[in-house]
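Count residues from 1 along the sequence. Every number for a ligand or one of its atoms is a count from 1 in the order of the listing. Worth saying up front: this structure is predicted, and the values here are computed from it rather than measured.
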Amino acid sequence: MDSTVELYGAQTGNCIRAAIALEEVGLSYTPKLIDLSSGAHQGTDYLALNPLGKVPVLVEKEEGREPFVLTQSNAIILHAAGKVAGRLLPENDRERAIVLERFFFFVTDVIAVSHAAFSLRGSNMQEAQTILTDRMLATLETAERYFDRDEFIAGRAFSVADIAGFTITLSVKSELPWPKLPNLSRWFAQIEARPAVQRGLQVFNKT
Ligand SMILES: N[C@@H](CCC(=O)N[C@@H](CS)C(=O)NCC(=O)O)C(=O)O
């Protein structure tokens, strides 16, 4: 049966993470660039897909079925992981739980705090923005401990936790005290060099 996958997005951390996940599992998909600066995400057609007017959105179309729509980057990443057993999420219960622990460490303790700080940009709450940014950076630095025994963020294999950690680290690269973070430094260079990660970084890059 014919099926197609589309990923609507822009050059933002949430969209790049979703794209990297699709690239890492080798799913064939069509990127649909949404121009946030012209408000394309607030148009009627786009709001019909995602009433929140946010990117990314994944749409799977299969003949004879209603389109399947996902409107959260983390749901898209986990959905991609489900496409190839054991590829981005271990099949072993405990190993999978550790991957999810570290995936959510980045999603809730680092990325969400970063978003909260970002949302205060241009407001008169500069001090609050600085507090949130400093807290997010301090939390991110604690990821250094995850490499005591293992090569990746959550074990011996690349996983959704590495995807969650990579783009937020990239976005604050110039603000991290790299000499104090030798493990994170080695890990970051290794993840950045992955061909699928490189492709994901370019999917919505229009420059
Ligand atoms: N929790 C959502 C957040 C999505 C989100 O905030 N997307 C931003 C770009 S990273 C966006 O669409 N911003 C445009 C706007 O809010 O107008 C996810 O992870 O997918």
A.B. asks: Using a 6.0 Å cut-off, check whether atom CZ of R135 has over 12 heavy atoms from anything other than its own residue.
C.D. replies: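 12 or below, so no.
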A.B. asks: Below 4.5 Å, heavy atoms only, C-beta onward: do L89 and L78 meet side chain to side chain?
C.D. replies: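 Answer yes - side chains close enough.
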A.B. asks: Just say parallel, tilted or perpendicular for the rings of F152 and F158, cut-offs at 30° and 60°.
C.D. replies: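 Ring orientation, 0 to 90° scale: perpendicular.
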A.B. asks: Could you tell me whether Y146 and W187 have their ring centroids closer than 6.0 angstrom?
C.D. replies: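 No, ring centres 6.0 Å or more apart.
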A.B. asks: Taking atom CZ of F68 as the centre, does the number of heavy atoms from other residues, nucleotides or ligands within less than 6.0 Å exceed 12?
C.D. replies: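 Yes.
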A.B. asks: Quick one: ligand 1 N/O to protein N/O pairs below 3.5 Å?
C.D. replies:
from: ligand 1; atom 1: 1 (N); to: Q72; atom 2: OE1; distance (Å): 2.7
from: ligand 1; atom 1: 7 (N); to: V55; atom 2: O; distance (Å): 2.8
from: ligand 1; atom 1: 12 (O); to: V55; atom 2: N; distance (Å): 2.9
from: ligand 1; atom 1: 16 (O); to: K54; atom 2: NZ; distance (Å): 2.6
from: ligand 1; atom 1: 17 (O); to: H41; atom 2: NE2; distance (Å): 3.0
from: ligand 1; atom 1: 19 (O); to: S73; atom 2: OG; distance (Å): 2.6
from: ligand 1; atom 1: 20 (O); to: S73; atom 2: N; distance (Å): 2.8
from: ligand 1; atom 1: 20 (O); to: S73; atom 2: OG; distance (Å): 3.4

A.B. asks: Apart from L52 itself, which Ile, Leu, Val, Met, Phe, Trp or Tyr residues share its cluster (side-chain heavy atoms under 4.5 Å, direct or through members)?
C.D. replies: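 Once heavy-atom contacts under 4.5 Å are chained together, L52 still belongs with nothing else.
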